[in-house]
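Structure first, then comments.
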Protein chains: 2
Amino acid sequence: MKKRRVTINDIAQELNVSKTLVSMVLNGKGDDNAINKETQKKVLDKAKELNYKPNQVARGLRTGTTKTIGLIVADISNPFFARITRTIENYAEKAGYNIIVCSSDENDDKENALLRTLINRQVDGIIMSSTQQDTSKIEEIVSDRMPLVLFDRKFENAKYSSVTVDNCEATRSAIDHFVSNGHKNIGFITLAPSHISPLIDRKRGFIQAMEEQNLTIDSENILELGFYDLKDKQYYQIKDFIEKHQDLTAVFTANNSIVVGCMEAMNNLGRSIPEDLSIITFDDVELFKYTNPPLSSIAQPLEDIGKNSVSILLNQLKNDNTETQHIVLNTTLNIRQS
Amino acid sequence: MKKRRVTINDIAQELNVSKTLVSMVLNGKGDDNAINKETQKKVLDKAKELNYKPNQVARGLRTGTTKTIGLIVADISNPFFARITRTIENYAEKAGYNIIVCSSDENDDKENALLRTLINRQVDGIIMSSTQQDTSKIEEIVSDRMPLVLFDRKFENAKYSSVTVDNCEATRSAIDHFVSNGHKNIGFITLAPSHISPLIDRKRGFIQAMEEQNLTIDSENILELGFYDLKDKQYYQIKDFIEKHQDLTAVFTANNSIVVGCMEAMNNLGRSIPEDLSIITFDDVELFKYTNPPLSSIAQPLEDIGKNSVSILLNQLKNDNTETQHIVLNTTLNIRQS
DNA sequence: TTTTCTTACTAAAACGATTTAGTTTAGCCT
DNA sequence: AGGCTAAACTAAATCGTTTTAGTAAGAAAA
């Protein structure tokens, strides 16, 4: 036997007042509307007595705001996204918002379907790390219906606010580190064909750094894994690459999943890090401190990424502020033993 | 200038029919209600033309179902929960549900507040890994309002359906493995005072296995870290323990965060795994394959945990089926080099 | 010929809140 | 005495659906 929820009407009836009055009082607008202090107290007491809890769905229908934020990431089980999700949750909660989490699996159609779902659910705003090439489809779906903030990945046209890191600069600093340790033959493993902005910028950073250091860039030394390929296939490409390029003394990997494949390949080829090959990777994961050897990596400020995404969104919600902001955060190069 | 959403009314007006008819047709109840095929087609076409999308909030208010599942975990950034969340998301999506994710931070009050929030949001059901000692508070809040499924952790009174693993048996198999490798002095590191069911069962498993193997259980060899202590404090306790118990040749750690502290302590004490101390830990994490040395661990069937949780919940939603189910899944012992 | 059944449709209530546009009473001013 | 204001409150509309309880017209059954 499901209990019927207590509504504002129940309170109104028990006290013989109108539900208008009850609503006003419970929303703290009692004084503004000249409701008698005593009546206000009666309402508040009765609400507590009956354990009244406002029905957010009804409120959402009437006010058009659901106090919900939609979050779309490629995969919530990726620690990078999981940790950002956590900070987004925290900051959203402080402002009374809950989040609906969705994984797009790097699939454009799925991402668009998720956008539509979130819009139908009337979320107040969306935070997303988009997998798409451009904003055309997104604009069509979202079409000024609600604020959208991008993180990690952004678009050329800068139409939506974004929170990213300086991927180019970060990568350059890693390459510079290699060079200052005497490396000249430096490889680069990334994903392609890829329109994902951080991956583009990381590659750009690699090339810029190599040029500035007057090192020749042999396109043979750049491995571009198929973006949509299975982990298995990517692994064999990495292993192949490492086997064929024994002249390389260092390699930079463009994200945390590539470097895992790289370690596995080194293991299976019986080669050791860093004696046979030095590695620095983009993205830091807690366990990189304990791998064999501890991995040098570029750590992104996950907390700040989440925090800024939420604050931009909330700001846009509050002020109906359409001005887009683009925040670029700094990374940290953690040199360990790889 | 925000666009007004297209509603069912817009369709009705443009076609000069009632919104009742439109609603029926769009919900596939046209035939049941003897709506003319031609009229049905007109409605469907117009809906497509205007790009009509049902407002889930309004629908939720009327029908009382929001097609939303609430998910409460201790911390979404913990890979254990992140991966389960991902599978829950997948299976929920197949049935048309979205999930609202919340982290309780192992805090009873926060967990209760989250339960209340989810109920006010009219989620259709809740999946939770509870941090609480018993169900009294939970029953008070949820009070038959909606189905609740527990995973990872369950309660003595078996009031709510649950999906767990056989923690006792899994731990025993790990200890047996130690013994068959010649270990006699085996330590155990867990959290306490803890009412968390998997932790209780893991300790029980340890003690049972030791007794069966006729090994003496020295309470000195069991370290119970403060459940609510900071990571830092826990770390120093672990380091202390390892330093003082050089007689131990093997240690079992009760979860993935403890083992990380353990590795760090071994590192800093200049002792090596497994030469000076063998380790097996509960929980498996992708990178355990690449740590130094690769860690032996008990892997939980994360996919199955998520899948079963969702299917029990959906089943309870569909059939208004109050019968509780308790599913206990098996784990895998991954022996690596620690 | 009246009654009953289909077929095809609709008006209005309902979900639970918020908001708009009032009403009533008393007190004050002139 | 009549008008005006402030205080305290309320009726009804509204948000966008779904659902209940119909109606109207023509066909079939009695």
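Numbered from 1 within each chain, the chains take letters A, B, ... in sequence-line order.
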Just the endpoints, please: which first and last nucleotides of DNA chain D, 5' to 3', lie under 4.0 Å from a heavy atom of chain B? D/dG16 to D/dT20

Apply the test side-chain hydrogen bond (donor to acceptor under 3.5 Å, both in side chains) to residues A/Gln325 and A/Tyr160: give CA-CA distance (whole Å), side-chain angles for both, the deciding distance (0.1 Å), then the verdict. CA-CA 8 Å; A/Gln325 283 179 66; A/Tyr160 299 106; over 6 Å; no

Check whether any side-chain heavy atom of A/Asn107 sits under 4.5 Å from a side-chain heavy atom of A/Glu111, and report yes or no. no

Minimal non-hydrogen separation, A/Tyr228 against A/Glu106, with atom names: CE2-O, 3.3 Å

Nucleic acid contacts of residues 41-56 of chain A, taken as heavy-atom distances under 4.0 Å to DNA chain D: none

Identify the two heavy atoms, one from B/Ser161 and one from B/Gln316, that lie closest to each other, and give their separation to 0.1 Å. OG-NE2, 3.0 Å

Is any side-chain heavy atom of B/Arg153 closer than 4.5 Å to one of B/Thr164? no

Atom CD of residue position B/Glu49 - does it have more than 12 heavy atoms of other residues, nucleotides or ligands inside 6.0 Å? yes

Please tabulate, one pair per line, all N/O donor-acceptor pairs under 3.5 Å involving side-chain atoms of residues 71-85 of chain B, not counting sequence neighbours.
unit_1  : atom_1 : unit_2  : atom_2 : d
B/Asp75 : OD1    : A/Arg86 : NH1    : 2.9
B/Asp75 : OD1    : B/Ser77 : N      : 2.9
B/Asp75 : OD1    : B/Ser77 : OG     : 3.0
B/Asp75 : OD2    : B/Ser77 : OG     : 3.1
B/Asn78 : OD1    : B/Phe80 : N      : 2.8
B/Thr85 : OG1    : B/Phe81 : O      : 2.7

With side-chain hydrogen bond (donor to acceptor under 3.5 Å, both in side chains) as the criterion, how do A/Tyr97 and A/Glu89 come out once you've worked through the C-alpha distance, each side chain's angles and the decisive distance to 0.1 Å? CA-CA 8 Å; A/Tyr97 287 81; A/Glu89 183 200 337; over 6 Å; no

Between P of C/dC15 and CG of A/Asn9, the distance in whole Å: 9 Å

Heavy atom of residues 12-32 of chain B under 4.0 Å from DNA chain D: which residues? B/Lys19, B/Thr20, B/Ser23, B/Asn27, B/Lys29

Before you tell me yes or no, could you show the steps for A/Lys110 and A/Asn112 under side-chain hydrogen bond (donor to acceptor under 3.5 Å, both in side chains), namely the whole-Å CA-CA distance, both residues' side-chain angles and the distance that decides it to 0.1 Å? CA-CA 5 Å; A/Lys110 190 166 175 200; A/Asn112 289 326; over 6 Å; no

Write down the distance between CG (B/Leu61) and C1' (C/dA17), rounded to a whole number of angstrom. 8 Å

Shortest non-hydrogen contact from A/Thr87 to A/Leu302? OG1-O, 3.9 Å

Using atom CZ of B/Arg121 as one end and atom P of C/dA17 as the other, report the distance to the nearest whole Å. 15 Å

Rounded to the nearest Å, what distance is computed from the CD atom of residue A/Gln122 to the P atom of nucleotide C/dA17? 18 Å

If I compare all heavy atoms of B/Asp152 with all of B/Ser197, which pair ends up nearest, and what's the gap? O-OG, 4.2 Å

How bent is the helix from C/dT1-D/dA30 to C/dT30-D/dA1, comparing axes over its five end pairs at each side, to the nearest 10°? 70°

B/Ile100 side chain reached by B/Cys102 side chain, heavy atoms, under 4.5 Å: yes

So does B/Lys53 have more than 12 non-hydrogen atoms from other groups sitting under 6.0 Å from NZ? yes

Ignoring hydrogens and angles, state whether a donor on the side chain of B/Arg59 or B/Thr66 is under 3.5 Å from an acceptor on the partner side chain. no

What one-letter contact string describes nucleotides 3-8 of chain C from 5' to 3', where B marks a base within less than 4.0 Å of any protein heavy atom, S marks contact via sugar-phosphate atoms alone, and - marks no contact? ----SB

When every non-hydrogen atom of B/Asn120 is compared with those of A/Pro54, the smallest separation belongs to CB-O, 3.6 Å

